[in-house]
Amino acid sequence: MSSTPSFTPAPWPRQLRSQHWYGGNSRDTIYHRGWMKNQGYPHDLFDGRPVIGILNTWSDLTPCNGHLRELAEKVKAGVWEAGGFPVEVPVFSAGENTFRPTAMMFRNLAALAIEETIRGQPIDGAVLLVGCDKTTPSLLMAAASTDIPSIVVTGGPMLNGWFRGERIGSGTHLWKFSEAVKAGEMTQAEFLEAEASMSRSSGTCNTMGTASTMASMAEALGMALSGNAAIPAVDSRRRTMAQLSGRRIVQMVKDDLKPSDILTKQAFENAIRTNGAIGGSTNAVVHLLALAGRVGVDVTLADWDRLGRDVKTIVNLMPSGKYLMEEFFHAGGLPVVIKRLGEAGQLHKDALTVSGATIWDEVKEVVNWNEEVILPADRPLTDQGGIAVLRGNLAPNGAVLKPSAASPHLMVHRGRAVVFEDIDDYKARIEDEALDIDETCVMVLKNCGPKGYPGMAEVGNMGLPPKVLRKGITDMVRVSDARMSGTAYGTVVLHTSPEAAAGGPLAVVRDGDMIALDVPNRRLHLDIPDAELAARLAEWRPLPDRPASGYAWLHQQHVMGADTGADLDFLRGCRGNPVGKDSH
C-alpha cells in the first residue's frame, strides 16, 4: 500500500510573487502593467491570479525542439482554462545537434541564464518546455535553484526510422552505418539514402538516447505528469499532455508545490533505478548528479552503482535492444516500467509527484500491452542493468560503463593501450593502416573531459580503425574522460575522473601500457608500478592552450569533475536568493 504524500498545500488565496510587479496603483506597478497592456491584455488579468512562465527552448537550430511553439499554445490553453495568466518566454536552448564545441559546455550557462530569467521576472510558476538532451537538465537545474512551482513538458520522440525494410534508430544507426562505410560493407551513396530515413518527423531521438532518457528521468523524479516521457512528438496525445500540464501548474502555484518538495533523495533513487530498467544513457549520471547538487541532496556515484546493480533492464529499445520509442509508448511507456520496479520492491512508492499524488498511485493500475518491448522480469534484456561505476588507479574518483550496451565477452579484459592525446590526434591517426592496433587493444582518449575538451563532448565511443572493422570486429574496449551519445553502444568506459586535463592518471597513460577492465568487480586498473605512476604524475604539466576570456574561461576555471555532475562550483548546493524573497 502507498502512503499519503507528506505535503500540505498552502492556503489560497494569498498574494503571489507577481503582485510585486502588477498589484496596486503605484507608479512602478502602473509602469509594469502598462507596458504589458500594449499586447492587448485586459486589466483584470493582473488581479493576482498565477502568472505562469512557459519557458520555451524552441529554436530552429535545435531541431529536436522545432515543434515546441505549437506545444506552447496548448500549454497556454491549459493555463487559461485553469484561471492562470500564461506568458511564453524564450530561453537559452542548448541543442546537441549544432552547438560547438559541445552542448554540454553550455548546459551550466543555460541553467544560470534561465535561473536569472525566473528570478528577475514576475513568474509564479514555470512550465519547462524541453526536448533535446541538455535542455531538460538545464531547465530542471534552474527550476531547482529558484524553487518555484515547476512542471516538465517534453517534446516527445520522433517516429521510427525505416531504411530498406529495417527499423533504424536516430543516432544508433548513424554510428552503425558510419562503421559499415569504413568497413566497406556500405557505400557512401547508401549512407546518404539512409540519412533521409533517420529523422522523418518532429521530435527527439527515437532511441533510448539521452533525450528520451532525460524525459524518463523527469517523469521518474516526479517532475512531469505520468506518461509524459514516451508520447511521440506528432501524436495528438502529446498536445493533450501539454494542455493538461498547463492546467496542473496553476494548481501547483496555488498549493505552492515546489521542486524542493518533490526532488528528495527518494525521488533520485527512483530515477536511478528507472534508468537501469530502461537501459538509459550514461549522460543521466552527470545530469542527475548536477541536479541533486542544486537542491542539496546527497547523491553520489556510489548511489548509482549501489542502486543500479540489481535492476534488470526490461526495456527492449535501441541502442541496447531492438525497438524504438514509438513501440515503447504503445506498450504502455514509462508507467509500466515504474510499476514493475514497485512490484520488485525497488521503488519508493510514496514519493510525491507534480500531480500531487504519489508515484505509485499514478502507475499501480497500468497494463503492459507488449511484452516483447517491455520484457517480463523472468526474461530481461540484462540481469544487471544500471550504470557500472568503476574505480582503480586509473579512475580514483570513478568512471562509468553501461552494461546493457556493452559486449559480454569484453566485460573482463586486459589489453595494450593505444593512446590518443585528444580528439584531433584520434581523427588524424585512426584510419592510418600503419597504426599499431588490433581488436585486443584498449583505445585510450585523453583531454576530452569537462575542462579538457572543453565541455566533455560525446566522443568517447571512438569509431574502430578500418583494418579492425574489416575483420568483422564491431567492438573494442575504449576508455576516456569524455561522454558518449545516449544513442551509442559498445564496451566504452566514460567520465574517467579526475580527467586528464586536471592531472588525473588518465593523463599519463602511454602507448603499450597494459590496462585491465573488470566490470563484475568494478575495477579499472593501469598495470604499472605505483612508484612509476607517481613519478609520471609528478612530471605532468597542464596543457598550455587555455581560454583567455568569455564563458569558456569561466567554464574552465569553475567546472567541477564528472564525478560530481560537472556543474560550476559556485552554483552547487546553494539555492542562493530564493525568488520568493526577492525585493522589488
Side-chain angles (χ1 to χ4, degrees), residues 3 5-7 107-108 111-112 114-115 118 126 128 134 136-152 213-224 252 256-276 280-309 311 338 341 346-354 358-360 386-387 389 397-398 400 495 497 559-580:
S3 60
S6 57
F7 172 75
R107 182 202 66 180
N108 299 334
L112 180 59
I114 296 161
E115 174 183 340
I118 295 170
L128 314 181
K134 309 306 172 292
T136 304
S138 63
L139 267 68
L140 276 168
M141 290 162 67
S145 291
T146 52
D147 204 29
I148 67 168
S150 302
I151 191 170
V152 171
T213 297
M214 291 312 298
S216 298
M217 293 299 92
E219 186 174 329
L221 285 165
M223 288 297 295
M252 288 176 66
D256 198 28
L257 177 55
K258 304 181 297 297
S260 59
D261 299 310
I262 296 168
L263 295 174
T264 62
K265 178 71 178 234
Q266 290 72 30
F268 280 99
E269 291 189 349
N270 284 344
I272 290 169
R273 286 189 169 118
T274 300
N275 189 74
S281 169
T282 50
N283 286 311
V285 178
V286 289
H287 297 323
L288 262 63
L289 288 173
L291 179 61
R294 291 294 182 102
V295 292
V297 174
D298 183 22
V299 178
T300 67
L301 278 178
D303 291 313
W304 275 91
D305 194 63
R306 172 179 61 86
L307 295 164
R309 187 183 287 255
V311 174
I338 294 173
L341 290 171
Q346 295 176 322
L347 183 76
H348 295 290
K349 293 183 176 181
D350 58 351
L352 181 64
T353 75
V354 290
T358 67
I359 195 166
W360 181 248
I387 300 295
V389 178
N397 294 349
V400 302
H495 310 183
S497 300
V559 71
M560 298 185 296
D563 58 304
T564 58
D567 201 357
L568 301 177
D569 54 18
F570 57 85
L571 296 174
R572 183 173 174 83
C574 179
R575 287 197 291 274
N577 181 20
V579 293

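We use all heavy atoms of the structure for the numbers below, so side chains are in, but hydrogens, waters and symmetry mates are not. On a predicted model such as this, the values are computed, not experimentally measured, just so you know.
- Of all heavy-atom pairs between Ala220 and Ile338, the closest is CA-CD1, 4.3 Å.
- Contact detail for Pro259 and Ala143: the closest heavy-atom pair is CG-O, 3.8 Å.
- Listed here is the closest heavy atom pair of Arg107 and Ser138: O-CB, 3.5 Å.
- Nearest heavy atoms, Ala144 versus Leu263: CB-CD1, 4.4 Å.
- At a threshold of 4.5 Å between non-hydrogen side-chain atoms, the residues Leu112 and Asn108 do not count as touching.
- The two residues Thr136 and Met214 have their closest heavy-atom pair at CG2-O, 3.9 Å.
- The closest donor-acceptor contact from the side chain of Lys265 to the backbone of Asp298 lies under 3.5 Å.
- Within the model, atoms CD1 of Ile148 and CE of Met252 stand 10.0 Å from one another, a figure rounded to the nearest 0.5 Å.
- Met141 has its side chain out of reach of Ile114: every pair of non-hydrogen atoms, C-beta onward, lies at least 4.5 Å apart.
- The backbone N or O of Gly561 sits less than 3.5 Å from a side-chain atom of Thr564, completing a donor-acceptor pair.
- A distance of 5.5 Å separates CD1 in Ile262 from CG in Leu352, rounded to the nearest 0.5 Å.
- Rounding to the nearest 0.5 Å places CG of Asn275 at 8.0 Å from CG of Leu288.
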Check: Could you walk me through whether Leu289 and Val299 pass the side chain to side chain contact (heavy atoms under 4.5 Å, CB included) check?
Finding: CA-CA 6 Å; Leu289 288 173; Val299 178; 4.0 Å; yes
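- Residues Val311 and Gly276 come closest through the heavy atom pair CG1-C, 3.8 Å.
- Considering only heavy atoms from C-beta on, Leu128 comes within 4.5 Å of Leu140 through its side chain.
- Partners of Glu269 according to the side-chain hydrogen bond (donor to acceptor under 3.5 Å, both in side chains) rule, which considers only residues two or more places apart in sequence or in another chain, are Arg306, His348.
- A donor-acceptor distance shorter than 3.5 angstrom exists from the side chain of Asp305 to the backbone of Val389, with no hydrogens or angles considered.
- Atom CH2 of Trp304 and atom OG1 of Thr282 lie 9.5 Å apart (nearest 0.5 Å).
- Between Met217 and Thr274 there is a side-chain heavy-atom pair separated by less than 4.5 Å.
- Residues Asn397 and Leu301 are not in side-chain contact: their nearest non-hydrogen atoms beyond the backbone lie 4.5 Å or more apart.
- How far NE2 of His287 is from OG1 of Thr213: 9.5 Å, rounded to the nearest 0.5 Å.
- Distance check: Thr146 OG1 to Arg294 CZ gives 9.5 Å after rounding to the nearest 0.5 Å.
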